[in-house]
Amino acid sequence: MVNLDEITPTNFIEEEIIKDLKNGVNTEVITRCPPEPSGYWHIGHCKAWIINFETAKKFGGYTNLRMDDTNPTKEDGDFANSYVDDLRWLGYEPKNVIYASEQYFDIMYKMAEQLILDGKAYVCELSADEINATRGTLTTIGTPSPYRDRPVDESLRLFREMKEGKYPDGKMTLRAKIDMSNPNICMRDPVIYRIMHVNHYKTGDKWCIYPMYDFAHPIEDALEGVTYSLCDINFENNRPLYNWFIDNVWKRYPRPRQIEFAKLNLENVLLGKRYLKALVNEGKVLGWDDPRFYTIVGMRRRGITAQAIKNFVMNNGITKAESIIPLSALEYYIREDLNKITTRAMVVLDPLKVVITNYDAEPMEIEIDNNPNDENAGKHKARFGKIIYIEKDDFAITPPPKYNRLTLGGVVRLKDAFIIKCTDVIYKENGEIDYITAEYIPSSRSGNDTSGIKAKGTIHFVEESNAFPITIREFDNLTKPEYLEPNKALADGVPIDEILAENTLHESTALAEKFLQNAKPEDKFQFMRKGFYTLDKDSTENNYIFNKTISLKDTFNKK
RNA sequence: AGGGGUGUAGCCAAGCGGUAAGGCACUAGACUUUGACUCUAGCAUGCGUAGGUUCAAAUCCUGCCACCCCUGCCA
């Protein structure tokens, strides 16, 4: 345990925990990460896992990863396997990795039998439609099932026969006997076991009855010694039921405590398994890890760091108020982290050839700071020479106001090299610029400039012998900007093709410093004055593909 | 006889009876061999709304309004 006096709560959940701990209601903070292995995690899941892991860590406790695999029709072992890696990438190590199906189904079954014995559960032979029809509505109470008061031993016999496979799917269910007139519909005799003759990815055909979430989840928490079950606000209505099962099945105190928080919504971000799946299947994206997806694997491939995601989630605050956060809020943390950790490189995305007419020697070596904000980052070597390339938009014949770059007859500093002066523009037959010529100022070498010449701007460049072509992939938002809540629009019936923006993946070639040939997939760089990029896994020895994570802020072009 | 939640700036969010923190975004400006980073300044006479209590209310009380969730043998 930690010293409570040294902990400053940063959100209402921590405040509640501190109260419990000080009152002796609980003595430790054990949380859980309970995914249903049925899909790829996205940024919304990240928030839930981050809260559970960070809260436990703050109080000296731990977190379990538990596959909440109680519905074999939806689940798949491949997902379960990927979650440990995803968690590790996020920087979290679960204390235990648990498959509810494998470890808890036996005990949960026994507990269900005991519930029947206690007169608090019964086998109901109403069909699904009949159950729905008798559940009542939001404003009217439900009517009891005709099987509600059947003898205990009859329910017990039937339940055992259900387990033995004597009945087909849907024939009967086990229901908790709670209160058909409760204003909270969750409490109107919820189904807790249903018959499913389906092969489970973990338990195979051992079971043909499976517990429902509402029954399983509180018991799983209790069995594991979880003290705080931190989940999203969707489950608020289920909390009385959660407590009911603790009270009537577990019967021990203190109860694990469920506390809910608002889930994360990002403006203009498409989530939702079925929509993403459709895009994957139709080949409209690169895969589940498409960098335009805000899945964990997608963000990772895009070059977004786990640290940025964590900072974003924690700094945005944890409350119960619903919110939709603009992407710019996430982007801030992406840039902040990448700025700290990336090596700088000079890459010319849209090259313009420059011939230095007064330099005829072999290319000379220059040195580039790997990260000017980090003294320990070191330097790497690059070159200056007769033939160099600069960005097309770093040269203008008729410059816009306050233009700091190269103009005909003007000067500009080449980063970590020399000041050059543009002397001429050579055109092609079709009227386009072929190349430009310039003279370098020998006495203006970076770090040893005695020229006395002031250049207003500094631009990046690559020297011909030190450059190699790379492929650049840039990504636009998958959905049109007017759809701030794409999932809501989809739910409202707007067709997905209407929501999707066109041409959101752009491939181009660029000229990069040769040291980038040492890059490994997921290595991250800042292409100076341009943005942050990461090497894509599709890269080969002959084709280096860099994904653009995000651009640098640009206060010039904005104006 | 509906219940459970949430409303503080464009977006998040502190605040817990003593006179509206902070961040993002935005706007100026400084610095800069990245128009990045960093720095400085600006940005709610008002806290969904109407009353009430109080010397004092975003905070307490009452009414009203808006939005979200709940009628799966999903989680």
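Protein chains get the first letters and strands the later ones, always in sequence-line order, with residue 1 at the start of each.
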Inset, instruction - Measure from NZ on A/K530 to C1' on B/G35 and round the result to the nearest Å. - result: 11 Å

Legend entry - Residue among A/F245, A/Y242, A/Y210 satisfying ring-ring contact (aromatic ring centres under 6.0 Å, His included) with A/F215: A/F245

Legend entry - N-glycosidic conformation, B/G48 - syn within 90 degrees of 0, else anti: anti

Legend entry - A/T555 side-chain N/O to B/A36 phosphate OP1/OP2 under 4.0 Å: yes

Legend entry - Atom-pair distance (CG on A/D179; C1' on B/G4), nearest Å: 16 Å

Legend entry - Atom-pair distance (NZ on A/K320; P on B/C69), nearest Å: 15 Å

Inset, instruction - Indicate whether the side chain of A/E113 and that of A/Y109 have a donor and an acceptor atom separated by less than 3.5 Å. - result: yes

Inset, instruction - Look at A/R529 and B/G35 and indicate whether a side-chain polar atom (N or O) is within less than 4.0 Å of OP1 or OP2. - result: yes

Inset, instruction - In whole angstrom, give me the gap between the P atoms of B/G4 and B/G51. - result: 28 Å

Legend entry - Distance, rounded to the nearest Å, where A/I185 contributes CD1 and B/U71 contributes P: 7 Å

Legend entry - Check: B/U71 base within 3.5 Å donor-acceptor of A/R135 side chain: no

Legend entry - Atom-to-atom span, CD1 of A/I324 to C1' of B/A25 - whole angstrom: 16 Å

Inset, instruction - Using a 4.0 Å heavy-atom cut-off across all strands, classify A/L338 as base, sugar-phosphate, or nothing. - result: nothing

Inset, instruction - May I ask which nucleotide in the shown strands pairs with B/C47, Watson-Crick or G-U wobble, both distances under 3.5 Å? - result: none

Inset, instruction - Using only heavy-atom distances, determine whether the side chains of A/Q307 and A/N311 contain a donor-acceptor pair under 3.5 Å. - result: yes

Inset, instruction - Find the distance A/D214:CG to B/C70:C1' and express it as a whole number of Å. - result: 11 Å

Inset, instruction - Kindly state whether the ring of A/Y201 and the ring of A/F79 have centres lying under 6.0 angstrom apart. - result: no

Legend entry - Pairwise C1' distance for B/U54 and B/C12, with rounding to whole Å: 33 Å

Inset, instruction - Report which part of the nucleic acid A/I131 touches: base, sugar-phosphate, or nothing (heavy-atom distance under 4.0 Å, all strands). - result: base

Inset, instruction - Using a 4.0 Å heavy-atom cut-off across all strands, classify A/S328 as base, sugar-phosphate, or nothing. - result: sugar-phosphate

Inset, instruction - Could you tell me whether A/Q526 contacts a base, only the sugar-phosphate backbone, or nothing, with contacts defined as non-hydrogen atoms closer than 4.0 Å? - result: base

Legend entry - Distance between C1' atoms of B/C74 and B/G23 (Å, rounded): 38 Å

Inset, instruction - Could you tell me whether A/S323 contacts a base, only the sugar-phosphate backbone, or nothing, with contacts defined as non-hydrogen atoms closer than 4.0 Å? - result: sugar-phosphate

Inset, instruction - Indicate whether OP1 or OP2 belonging to B/U34 is found under 4.0 Å from a side-chain N or O atom of A/K553. - result: no

Inset, instruction - Would you kindly give the NE2-to-P distance between A/H460 and B/U34, to the nearest whole Å? - result: 12 Å

Inset, instruction - Kindly write out the residues that satisfy ring-ring contact (aromatic ring centres under 6.0 Å, His included) with A/Y122, not counting sequence neighbours, or none if the list is empty. - result: none

Inset, instruction - For B/C39 and B/G22, measure between their P atoms and round to the nearest Å. - result: 14 Å

Inset, instruction - Specify the residue among A/N11 and A/K171 whose closest nucleotide of RNA chain B lies further upstream toward the 5′ end. - result: A/N11

Inset, instruction - Take atom CD1 of A/I420 and atom C1' of B/U33, then tell me their distance rounded to the nearest Å. - result: 14 Å

Inset, instruction - Dump the intermediate steps for side-chain hydrogen bond (donor to acceptor under 3.5 Å, both in side chains) on A/T458 and A/R529, then the final yes or no. - result: CA-CA 10 Å; A/T458 300; A/R529 301 205 305 133; over 6 Å; no

Legend entry - OP1 or OP2 of B/A75 under 4.0 Å from side-chain N/O of A/R194: yes

Inset, instruction - Give a yes-or-no answer on whether the side chains of A/T479 and A/N268 include a donor-acceptor pair shorter than 3.5 Å. - result: yes

Inset, instruction - Using the closest heavy atom to pick a nucleotide of RNA chain B for each, name whichever of A/L552 or A/R239 lands nearer the 5' end. - result: A/R239

Legend entry - Nucleotide paired to B/A28 in any strand shown, Watson-Crick or G-U, under 3.5 Å: B/U40

Inset, instruction - Assign A/T70 to base, sugar-phosphate, or nothing according to its heavy-atom contacts below 4.0 angstrom with the strands shown. - result: sugar-phosphate

Inset, instruction - Please determine, for the side chain of A/V191, which listed nucleotide (B/G35, B/C73, B/U33) has the closest atom? - result: B/C73

Inset, instruction - Please measure how far the P atom in B/A21 lies from the corresponding atom in B/A9, and state the result in whole Å. - result: 14 Å

Legend entry - Base of B/G23 paired with side chain of A/N316 (donor-acceptor, under 3.5 Å): no

Inset, instruction - Ignoring hydrogens and angles, state whether a donor on the side chain of A/K524 or A/T305 is under 3.5 Å from an acceptor on the partner side chain. - result: no

Inset, instruction - Searching all strands shown, indicate the nucleotide that pairs with B/C60 (Watson-Crick or G-U wobble; both distances under 3.5 Å). - result: B/G52

Inset, instruction - Rounded to whole angstrom, note down the P distance from B/A57 over to B/G48. - result: 15 Å

Inset, instruction - Select base, sugar-phosphate, or nothing to describe what A/N182 touches, counting heavy atoms under 4.0 Å on all strands. - result: nothing

Legend entry - A/Y213 side chain near B/C74 phosphate (N/O to OP1/OP2, under 4.0 Å): no

Legend entry - OP1 or OP2 of B/C73 under 4.0 Å from side-chain N/O of A/N132: yes

Legend entry - Atom P, compared across B/G52 and B/C16: separation rounded to whole Å: 25 Å

Legend entry - Below 4.0 Å: OP1/OP2 of B/U6 and any side-chain N or O of A/T319: no

